[in-house]
Amino acid sequence: MREIVFDTETTGLSFQGGDRMVEIGCVELVNRVETGRTFHAYYHPERDMPVEAFNVHGLSATFLSDKPLFADAVEDLIDFIGDTPLIAHNAGFDFSFLNGELTRCGRPLVCTSRMVDTLQIARSRHPGAKHSLDALCSRFGIDRSHRVLHGALLDAQLLAQVYVELMGGRQIGLGLAVDAEPAARSAASVTHVAAMVRPIREFRASPTELAAHAAFLTSIDNPLWDVEASS
């Protein structure tokens, strides 16, 4: 199963209020194991960068001034995410900006049925606890020491690890590898198992054991059974 974990950085909190998406980072999972494929892009916001947003992610208007417009680079993003489930932390926020940008450039929206919200999952798994990305990284022992500022790709990579832990841990990915030679592997497995099986043991008494048993019975006074009679 293919899934995409993603995160966005923006100029503020409301696309409807005039804010824009300036960065997106995506991490590909297959069977909840990172494949190493990622997508990362910066976009020119066509507006200023409020100081409050700059203090969160450190992306200045000057830095973004030579980056492409979302509408001019959207195809690469659409090709990467495909039709897979999209996982985000407080996913409604990220979806509002992603779909806002898609609407603005006349592209089809991403259906919210594809949305997986790790914030909601964390709240249901650990009610009453802290559910920020930092708090969840601490809970699961995920190293976030390199996270000085928010960054879409870095946060998506951290969230991918958090998501796997929320869904039961990394052991779910043990079946990820594709077997190039299943028939050969199957034969080798059968040979390996056969080598571990003990030889069939004969539990019937041998003639020598029967003779020893009969001799023993003759030493018993008034036995309750007679070997000759029962043979």
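Computed over heavy atoms, backbone and side chain alike; hydrogens, waters and symmetry mates excluded. Owing to the predicted nature of the structure, the values given are computational and were not obtained by experimental measurement. In this chain, residues are counted from 1 in sequence order.
Within the 4.5 Å cutoff, side-chain heavy atoms of M21 are placed close to those of F70. Using a 4.5 Å cut-off on side-chain heavy atoms (C-beta onward), I121 and M167 make contact. D134 places a side-chain heavy atom less than 4.5 Å from the side chain of R147. Counting heavy atoms from C-beta outward, F140 and V164 have side chains that stay 4.5 Å or more apart. Between I142 and V162, some side-chain heavy-atom pair lies under the 4.5 Å cut-off. You'll find the side chain of V110 reaches within 4.5 Å of the side chain of L86, heavy atoms only. Residues L59 and E23 have side chains in contact (heavy-atom distance under 4.5 Å, counting atoms from C-beta outward).
Considering K130, H131, H126 in turn, H126 is the only one that fulfils the side chain to side chain contact (heavy atoms under 4.5 Å, CB included) rule with R139. Y43 pairs with exactly one of D72, I24, T8 by the side chain to side chain contact (heavy atoms under 4.5 Å, CB included) rule, that one being I24.
Between E75 and R107 there is a salt bridge, since a side-chain N of the basic residue sits under 4.0 Å from a carboxylate O of the acidic one. With respect to the salt-bridge test (charged N to carboxylate O, under 4.0 angstrom), the residues E9 and R20 do not qualify.
Between A53 and T10, the closest heavy-atom pair is CB-O, 3.8 Å. Closest of all the heavy-atom pairs between R47 and G18 is NH1-O, 3.2 Å. Across all their heavy atoms, L166 and T118 have their closest contact at CD1-O, 3.9 Å. Pairing each heavy atom of L77 with each of C26, the nearest pair is CD1-SG, 4.1 Å. Between L149 and G58 the shortest heavy-atom distance is CD1-CA, 3.9 Å. Taking each heavy atom of P85 and V116 in turn, the nearest pair found is CB-CG2, 4.4 Å.
With hydrogens and angles disregarded, no donor-acceptor distance shorter than 3.5 Å links the side chain of D7 to the backbone of D155. One N or O on the side chain of S60 and one on the backbone of F63 form a donor-acceptor pair closer than 3.5 Å.
Taking hydrophobic clusters as Ile, Leu, Val, Met, Phe, Trp and Tyr residues chained together by side-chain heavy-atom distances below 4.5 Å, L69 does not share a cluster with V22. The cluster map of Ile, Leu, Val, Met, Phe, Trp and Tyr, joined by side-chain heavy atoms under 4.5 Å apart, puts L136 and L29 in the same cluster. Note: the hydrophobic cluster containing F95 also contains I78 (ILVMFWY, side chain heavy atoms under 4.5 Å, direct or indirect links). The hydrophobic cluster containing F6 also contains V74, counting ILVMFWY residues as joined when their side-chain heavy atoms lie under 4.5 angstrom apart, directly or transitively.
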Chi angles and distances behind the side chain to side chain donor-acceptor pair (under 3.5 Å) call for T35, E28: CA-CA 6 Å; T35 65; E28 181 186 64; 2.5 Å; yes
From CA spacing to verdict: salt bridge (charged side-chain N to carboxylate O under 4.0 Å, His left out), E165, R125: CA-CA 11 Å; E165 295 297 341; R125 296 279 197 278; over 6 Å; no
Evaluation steps, side-chain contact (heavy atoms from CB on, under 4.5 Å), between V30 and M1: CA-CA 5 Å; V30 174; M1 177 179 65; over 6 Å; no
Worked verdict on T11 versus D19 for side chain to side chain donor-acceptor pair (under 3.5 Å): CA-CA 5 Å; T11 64; D19 288 309; 2.9 Å; yes
Worked verdict on F39 versus I4 for side-chain contact (heavy atoms from CB on, under 4.5 Å): CA-CA 10 Å; F39 177 88; I4 299 296; over 6 Å; no
Steps toward side-chain contact (heavy atoms from CB on, under 4.5 Å) verdict (N31, E3): CA-CA 8 Å; N31 294 337; E3 299 168 295; over 6 Å; no
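Using cut-offs of 30° and 60° on the angle between ring planes, the pair F93 and F97 is tilted.
Atom CG of D117 and atom OG of S124 lie 10.0 Å apart (nearest 0.5 Å). The CG atom of L109 lies 11.0 Å from the CZ atom of R114; values are rounded to the nearest 0.5 Å. Considering OG of S132 and CG of N90, their distance stands at 12.0 Å, rounded to 0.5 Å. Summarising the geometry, atom CZ belonging to R144 is positioned 8.5 Å from atom CG belonging to L133; distances are rounded to the nearest 0.5 Å. Taken to the nearest 0.5 Å, the CG atom of L158 stands 10.5 Å off from the NE2 atom of H150. Note that the CD1 atom of I87 and the CG atom of D94 stand 12.0 Å from one another [nearest 0.5 Å].
Ring centroids of H44 and Y42 are separated by 6.0 Å or more, keeping the two rings apart.
A donor-acceptor pair shorter than 3.5 Å can be found between the side chains of S145 and D143.
Relative to the six-membered ring of F80, R2 meets both conditions, a distance below 6.0 Å and an angle of at most 45° to the axis.
For L13, the CG atom counts as loosely surrounded, since its 6.0 Å shell holds 12 or fewer non-hydrogen atoms of other residues, nucleotides or ligands.
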